[in-house]
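Before any comments, here is the structure.
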Amino acid sequence: MDTPQPTESHTLKKSHKLHNVCYDIRGPVLDHAKRLEEEGQRVLKLNIGNPAPFGFEAPEEILQDVMRNLPTAQGYCDSKGLYSARKAIMQECQRKRIPGVGIEDIYIGNGVSELIVMSMQALLNDGDEVLIPAPDYPLWTAAANLSGGHGVHYLCDEQADWAPDIADIRAKVTSRTRAIVIINPNNPTGAVYPPEVVREVLDIAQEHNLVVFSDEIYDKILYDGVEHTATGALADDDQLVITMNGLSKSYRCAGFRSGWMTISGTLAKQRASDFIQGLTMLASMRLCANVPAQHAIQTALGGYQSINDLILPGGRLLAQRDITIEKLNAIPGVSCVTPKGALYAFPRLDPKVFNIKDDQQLVLDLLLQEKILLVQGTAFNWPEPDHVRIVTLPWADQLGDALDRFANFLSRYRQ
């Protein structure tokens, strides 16, 4: 008997809510990389900021505390998180001069990713708009769209060390704009914004009564003596600022999925009580975040900051940043603004030299020819196919070899 073929009416399709949702950091090109690996080929994955596979392990003190507390971490905790962990986060806010953050203003989540989605769901109605930087970390755009809203991208200026274009932000505020996102230090560019630039963004938010979301997950990964100032420390008391942070990068605990968000702005919180109630409801619906991993937070924030050994002169992360920029800027037709923070480089491929029309095809061709996996710039909602993002986590000699192969590939590549 012939097997009946499925008809259009019997095909199970994804939700319409996913039509404008995209996350190409783990997208179609990664499927090709997995196929190559299944064939026994080795792929250098420079597509995701995952420290552990490159030898960046969590501090032993953190691991010991998690293991010691496992017997008491078997049940649910408060939906906002363990008291001891939230107390440590509150004290970290005090250290960063973010005023007015109490225990109940802190939510711990299964990574910052869960909290981004949760906060968009709590805020947005259908058709609402969120201003998000271009380039961005694409989860922000995906979460806004999935929540029924619409991510509107304001440009960051490559000629100004990738700082937000203030005029472009002003031009894109509409009656539907509900919030603005700041990613600082920035993924994918590595930019660290000066306080005066953040204040200009805050002024626009104040003028239009916008919620400010500040993604600061890389706030301790800084180079060349650059300092990071928390957005919440610069905001007025009647501005609602929601700050995101976590253990994944600075503490090399990406797999723990332990992140947090804090709400600051004492006067603003009074006006936003209904929105905050919505956040609490969503936190309660998933009962709580991963409890064992929360036992890492107090030790991480209060103990020795081992990240400094990696970012200061002689540190591995700094050496890898330096070799990346040196190699990229030596390639004819390629230029890269020096990242001041984070774990990435976002080089520009001169369109007059390479004539790239499809940057996803570019990274696919590089993968197939050189077994190196990058992410195309348009995956970060950059409007032109003239950038790629490179993760700077491999050892310096491994990065140097990969970038030499990238240079050789580009020397003969045209579209």
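For the single chain, residues carry numbers from 1 onward in sequence order.
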- State whether E104 and K269 are salt-bridged, where the test is any N-O pair (Lys NZ or Arg NE/NH1/NH2 against Asp/Glu carboxylate O) under 4.0 Å. no
- Applying the side chain to side chain contact (heavy atoms under 4.5 Å, CB included) test to P185, which of L222, I217, V226, D215 qualifies? L222
- Message: I want to check something: taking the side chain as every heavy atom from C-beta on, are I297 and L301 in contact at a cut-off of under 4.5 Å?
- Response: yes
- State the OG1-CG distance between T392 and L403, to the nearest 0.5 angstrom. 10.0 Å
- CG-CG distance between D224 and L318, expressed to the nearest 0.5 angstrom: 6.5 Å
- By side-chain contact (heavy atoms from CB on, under 4.5 Å) - contacts of F409 (at least two apart): L362, D365, L366, Q369, E370, F406, R412, Y413
- Message: Can you tell me how the ring of F213 sits relative to the ring of W140, calling it parallel under 30°, perpendicular over 60° and tilted otherwise?
- Response: tilted
- Message: Is it the case that the ring center of F380 lies less than 6.0 angstrom away from the ring center of Y344?
- Response: no
- Got a salt bridge between E92 and R95, using NZ or NE/NH1/NH2 to carboxylate O under 4.0 Å? yes
- Message: H228 and side chain to side chain contact (heavy atoms under 4.5 Å, CB included): which single residue from K220, K340, E216 fits?
- Response: E216
- Would R170 and E207 pass as an ion pair if we require N to O under 4.0 Å? yes
- Message: With a 4.0 Å cut-off on N to O distance, would you call R405 and D401 a salt bridge?
- Response: yes
- Measuring from L131:CG to H153:NE2, what's the distance to the nearest 0.5 Å? 10.0 Å
- Nearest heavy-atom approach of M244 to L115 is CE-O, 3.9 Å
- Are any side-chain N or O atoms of E61 and backbone N or O atoms of G303, one a donor and one an acceptor, separated by less than 3.5 Å? no
- Message: Is it the case that atom CZ in R35 sees more than 12 heavy atoms from other parts of the structure closer than 6.0 Å?
- Response: yes
- Does D78 use its side chain to pair, donor to acceptor, with the backbone of Y83 at less than 3.5 Å? no
